[in-house]
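Notes follow the structure.
None of these values were measured; they are calculated from a predicted model.
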Amino acid sequence: MTSGGKIVGEFTKGKVDKLLTPEAAETGSRHRIRHFLENMDAAILEANCEVIGRELPNLDRESFLRMAVRVAELRADYIRAGMKAAETRHPEAAAVTELIRLRAAYEEMQSVYEAAERVIERGYVKLG
């Protein structure tokens, strides 16, 4: 991989400490640190494009839509089970266990969908 590519777009990092060591406070050091971090961002972008592009060659409209439909189906299953459990004030333990299982499946698939969405938004894969 080569480094030094130009990054287009925005990225907001979390809280940054304002206290610096004397070496980091020096202008030349700050410039070197910023340059290093910019190069790392470019290298990370390139690595993500290479790895994700290689590992997920079939991420396209059809597969992305299929995943979205599965998330919707799992959401519906979870809500349906919750509505059934709500028919009584004290649902059976098995019904609660099933709710937990359905919620976990829905939330995990929702997280996968969001991760795939981020991959597409960042341009890590080539869409056809």
Legend entry - Reported CD-to-CG distance for the pair Glu46 and Asp41, which is rounded to 0.5 angstrom: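 With rounding to 0.5 Å, CD (Glu46) is 13.0 Å from CG (Asp41).
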Legend entry - Over 12 foreign heavy atoms within 6.0 Å of CZ, Arg61: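 No, CZ of Arg61 has 12 or fewer neighbouring heavy atoms, counting only those of other groups under 6.0 Å.
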Legend entry - CD (Glu121) with more than 12 external heavy atoms under 6.0 Å: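 Yes, CD of Glu121 has more than 12 neighbouring heavy atoms, counting only those of other groups under 6.0 Å.
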Inset, instruction - Taking the side chain as every heavy atom from C-beta outward, state whether Arg122 and Asn48 have any atom pair closer than 4.5 Å. - result: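 SC-SC contact between Arg122 and Asn48 ruled out.
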Inset, instruction - Report yes if the side chains of Phe64 and Glu117 come closer than 4.5 Å at any heavy-atom pair, otherwise no. - result: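 Phe64 vs Glu117: side chains touch.
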Is there a chain of hydrophobic side chains (I, L, V, M, F, W, Y, each step under 4.5 Å between heavy atoms) that links [X] to [Y]?
X      : Y      : result
Leu56  : Ile44  : no
Val112 : Leu59  : yes
Ile52  : Ile120 : yes

Legend entry - Charged N-O contact under 4.0 Å between Arg118 and Glu114: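 No, Arg118 and Glu114 are not salt-bridged.
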Could you list the donor-acceptor pairs under 3.5 angstrom formed between side-chain atoms of residues 99-108 and any protein atom two or more places apart in sequence or on another chain?
unit_1, atom_1, unit_2, atom_2, d
Arg101, NE, Glu98, OE1, 3.0
Arg101, NH2, Glu98, OE2, 2.7
Tyr106, OH, Arg75, NE, 3.1
Tyr106, OH, Gln110, NE2, 3.4

Sequence neighbours left out, cut at 3.5 Å: what donor-acceptor pairs do the side chains of residues 87-95 make with other protein atoms?
none

Legend entry - Trace of the side-chain hydrogen bond (donor to acceptor under 3.5 Å, both in side chains) decision for His35 with Arg32: CA-CA 5 Å; His35 183 70; Arg32 284 190 299 279; over 6 Å; no
Inset, instruction - Provide the closest heavy-atom pair for Cys49 versus Gly123 in the form atom of the first, atom of the second, distance. - result: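 Nearest heavy atoms, Cys49 then Gly123: SG-O, 3.8 Å.
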